[in-house]
Asks: 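Right, I'll just put the structure down here and ask away after.
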Amino acid sequence: MDVASTIEAILFVAEEPVSGAELSQLLEAPRTEVDEALLTLQDRHQTGPSGLVVRNTGGGWRLYTDPEAKPYLERFAATERATRLSKAALETMAIVAYKQPISRGQVAEVRGVDSDRVLRTLERRGLIFEAGRAEGPGQAVLYSTTNLFLEKLGLSSLAELPPLADHVPPAGVVDVLERPFRPEESSNESTN
Amino acid sequence: MDVASTIEAILFVAEEPVSGAELSQLLEAPRTEVDEALLTLQDRHQTGPSGLVVRNTGGGWRLYTDPEAKPYLERFAATERATRLSKAALETMAIVAYKQPISRGQVAEVRGVDSDRVLRTLERRGLIFEAGRAEGPGQAVLYSTTNLFLEKLGLSSLAELPPLADHVPPAGVVDVLERPFRPEESSNESTN
Amino acid sequence: MAYEVQTRVFEGPLDLLLQLITSHQLEITELSLSAIVSEYVSYIDALTETDIDMTSEFLLIAATLVQLKARHLLPGSEGFDLDEELALAEERDKLLSRLLACLTFKDVAAVLLHRLEAAERWVPRTVGLDPGIEAVMPEVRLGVTLEQFHAIAEVALSETLIDPDLDHFDFDLPSVDDAIADLRARMASEAVAEFDALVSHCDRPIEVVAYFLALLELVRWGMVHATQETADAPIKLVHNPAPTNPEGIEMIARISEWGNS
């Protein structure tokens with residue numbers, strides 16, 4: 001696989017534009033070679049048959065769909081599968097709704113699965129937002145639900161969310177997560 | 001832009017495999033034309049210089065990066081790594097894959113261990129789902145594998161699973177298992 | 001022959017039996033059922049498992065084994081009920097076929113793992129729609145009622161209690177409370193110190209984190225005064241044996257209480 005194709009693969013998975021400098025570092029190739037490969041790649045998509053284009057925008061390079069495909073993509077976006085929330089998304093949504101503000105790490109602990117992608121989808125859909133940062137080291141992003149979320153469930157405020165049953169004290173989980181960060185209570189435990 | 005390129009653009013934005021039927025509906029093109037275009041697209045990536053490949057997995061088509069690019073993608077932060085499945089989870093997954101639909105009781109019978117936890121983990125990971133209920137008393141939940149399971153294994157359908165018969169222990173092993181239970185040899189045993 | 005109970009890693013009654021048979025294959029040419037039964041039963045003695053299901057499965061298999069062994073030890077077939085004989089043979093065949101099935105799926109699971117790992121070399125795109133197209137994306141539908149949403153929350157948040165996925169938990173978490181005790185003692189003796197020096201004995205970043213959290217607590221209680229000139233500069237600590245803020249006074253009181261108890 002040549003340099004241009006490797007760059008294509010990198011741009012394919014990238015979530016944001018990737019700069020020439022970054023590519024040069026990743027590929028351990030001189031900048032001139034990377035720039036040349038980028039032009040080769042751009043040319044391949046432009047002249048050959050392809051549904052994708054390579055563009056240099058916002059301080060970096062990115063793969064986009066060809067503008068000609070837009071009508072089809074809009075139809076794709078409107079299909080059942082694109083508008084419906086997945087089971088995983090609903091589960092994550094429920095955790096955020098009841099435990100907000102909550103970090104992605106805490107969501108992952110509760111779900112037992114890495115949940116970054118689902119959280120991103122929910123954020124993009126306007127159902128959750130970055131409500132702040134956690135105190136302490138790392139300053140993790142904390143998510144909360146939006147007004148759109150309330151609207152979708154027909155609620156006027158979070159207080160209207162039905163309470164979780166008493167026999168399901170999720171505090172236990174949170175406790176495990178927080179224990180190392182709560183010195184007073186862990187001290188109490190040790191004296192019991 | 002030709003049909004193959006339009007399909008390429010759709011697969012580029014899709015977050016899971018897209019079936020031929022779905023593509024045919026989106027493009028308002030007959031299924032034969034879509035199938036042909038898919039082969040054209042696959043061929044373009046295979047023969048031309050490209051960092052991407054088109055694969056038929058998990059009940060549909062999806063664009064992936066060429067495996068050769070993997071080392072670079074690993075260095076690139078965006079590639080997520082799924083948490084590893086435990087040995088118990090793998091065994092349980094194998095049993096569900098070959099015996100689906102199967103109840104948790106039947107899984108436990110094969111493994112000789114209570115498997116509720118593992119089944120729940122697999123379900124949460126989206127690898128298996130509750131496909132229905134058994135008839136008769138109790139109406140046990142029956143599990144089947146999902147399309148994500150197929151995709152994760154790079155299979156286009158369950159028929160592509162390696163035949164179970166190939167994995168039955170060889171005669172030598174069977175012999176070892178049976179030997180202690182054979183009555184003839186009991187005469188060799190003195191006391192114990 | 002002596003049977004030593006080694007600590008084996010087995011997944012359950014069936015897995016244990018499988019291991020006992022296959023591991024002896026290498027050592028002994030003539031593997032006796034007696035040997036297996038003795039060893040198997042010794043595991044039951046050593047069983048600390050409180051899981052009723054697993055224990056009963058263990059006993060069930062053991063019972064079959066003991067029955068088979070008893071039959072083997074008695075010469076000839078006189079005095080045996082034919083029905084009993086057949087039932088026992090059936091039990092034996094059932095056990096054998098379970099062992100075979102177990103082995104088969106273990107083997108195929110290894111193949112699936114291999115496939116999983118191989119398939120991981122292909123990376124799909126997960127970024128979704130292009131920014132321009134997102135704008136026309138129709139409004140999301142939750143597709144559930146409030147009641148259903150509530151039910152999902154109940155399950156999502158309760159399952160973790162019954163079924164915590166502990167694979168990635170680091171159980172060896174350092175205790176912040178130990179770090180507080182250690183920091184207090186060392187600050188009391190040294191009076192002035194740098195944070196880096198106080199955590200020089202820590203091997204893992206998480207331990208440093210614990211000490212840092214401990215330090216924040218001590219600062220909050222007024223027991224330690226911390227300064228740092230710039231972001232990269234060392235964190236300098238000064239001990240304050242007699243904090244005057246209410247939190248500090250309360251903590252001092254509580255700590256001396258624990259000391260007395």
Side-chain angles (χ1 to χ4, degrees), chain A residues 1-16 18 22-23 25-29 37 40-41 44-45 48-53 63-82 86-88 91 108 110-117 120-121, chain B residues 1-16 18-19 22-23 25-29 37 40-41 44-45 48-53 60 63-83 117 120-121 123-127 129-130 146 148:
Chain A
M1 200 163 58
D2 63 359
V3 182
S5 298
T6 311
I7 290 176
E8 189 180 25
I10 293 169
L11 297 186
F12 178 79
V13 299
E15 286 173 34
E16 279 163 22
V18 187
E22 213 174 329
L23 287 170
Q25 206 179 350
L26 267 168
L27 298 164
E28 288 173 350
T40 307
L41 184 62
R44 266 183 211 165
H45 285 285
S50 171
L52 310 175
V53 290
L63 269 176
Y64 291 92
T65 51
D66 191 309
E68 276 184 59
K70 198 170 173 187
Y72 296 100
L73 298 179
E74 281 174 0
R75 266 163 80 175
F76 178 70
T79 52
E80 173 80 4
R81 73 150 76 203
S86 68
K87 210 179 150 216
E91 188 184 292
V110 174
R111 290 192 63 222
V113 197
D114 212 31
S115 305
D116 294 12
R117 202 191 307 169
R120 246 188 340 257
T121 304
Chain B
M1 200 162 60
D2 63 359
V3 182
S5 298
T6 310
I7 290 176
E8 188 179 27
I10 293 169
L11 298 186
F12 179 77
V13 301
E15 291 182 54
E16 46 190 60
V18 186
S19 71
E22 217 172 331
L23 287 170
Q25 210 177 351
L26 273 167
L27 299 164
E28 289 175 345
T40 308
L41 184 63
R44 268 184 209 163
H45 285 286
S50 171
L52 310 177
V53 289
L63 272 174
Y64 297 85
T65 56
D66 191 302
E68 277 184 57
K70 188 77 206 282
Y72 296 99
L73 298 183
E74 266 169 15
R75 280 160 67 178
F76 190 66
T79 47
E80 289 175 34
R81 214 149 218 280
T83 29
R117 245 190 80 157
R120 264 207 305 274
T121 303
E123 194 181 2
R124 231 191 281 166
R125 293 249 179 126
L127 295 167
F129 73 108
E130 291 190 8
T146 61
L148 183 68

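Below, chains carry the letters A, B, ... as their sequence lines are ordered, and counting in each starts from 1.
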Asks: Just do the side-chain contact (heavy atoms from CB on, under 4.5 Å) check on Asp66(B) and Thr6(A) with the steps written out, would you?
Replies: CA-CA 8 Å; Asp66(B) 191 302; Thr6(A) 311; over 6 Å; no

Asks: OG of Ser5(A) to NE2 of His45(B): how many Å apart, nearest 0.5 Å?
Replies: 10.5 Å

Asks: What part of Arg44(A) gets closer than 4.5 Å to chain B, counting heavy atoms only: side chain, backbone, both or neither?
Replies: side chain

Asks: Identify the heavy atoms of Arg124(B) and Val110(A) that sit nearest to each other, and give their distance.
Replies: NH1-O, 3.7 Å

Asks: Identify which of Leu41(A), Leu63(A), Asp2(A) forms the greatest number of heavy-atom pairs closer than 4.5 Å to chain B.
Replies: Leu63(A)

Asks: Between Tyr64(B) and Phe12(A), is the side-chain contact (heavy atoms from CB on, under 4.5 Å) condition met? List the steps.
Replies: CA-CA 9 Å; Tyr64(B) 297 85; Phe12(A) 178 79; 5.6 Å; no

Asks: Non-hydrogen atoms of chain B under 4.5 Å away: do they reach the side chain of Ile7(A), the backbone, both or neither?
Replies: neither

Asks: Return the minimal non-hydrogen interatomic distance between Ala9(A) and Gly51(B), and the atom names on each side.
Replies: CB-O, 3.7 Å

Asks: Any chance you could measure Arg75(B), atom CZ, to Ile10(A), atom CD1, to the nearest 0.5 Å?
Replies: 8.5 Å

Asks: Under 4.5 Å heavy-atom distance to chain B, tell me which part of Leu11(A) shows up: side chain, backbone, both or neither.
Replies: neither

Asks: With a 4.5 angstrom heavy-atom cut-off, is it the side chain or the backbone of Phe129(B) that approaches chain A, or both, or neither?
Replies: neither

Asks: Please say whether more than 12 non-hydrogen atoms of neighbouring residues, nucleotides or ligands are located less than 6.0 Å from CD in Glu130(B).
Replies: yes

Asks: Does any backbone or side-chain atom of Glu91(A) lie under 4.5 Å from a heavy atom of chain B? Answer side chain, backbone, both or neither.
Replies: side chain

Asks: Any chance you could measure Met1(B), atom CE, to Tyr72(A), atom OH, to the nearest 0.5 Å?
Replies: 7.5 Å

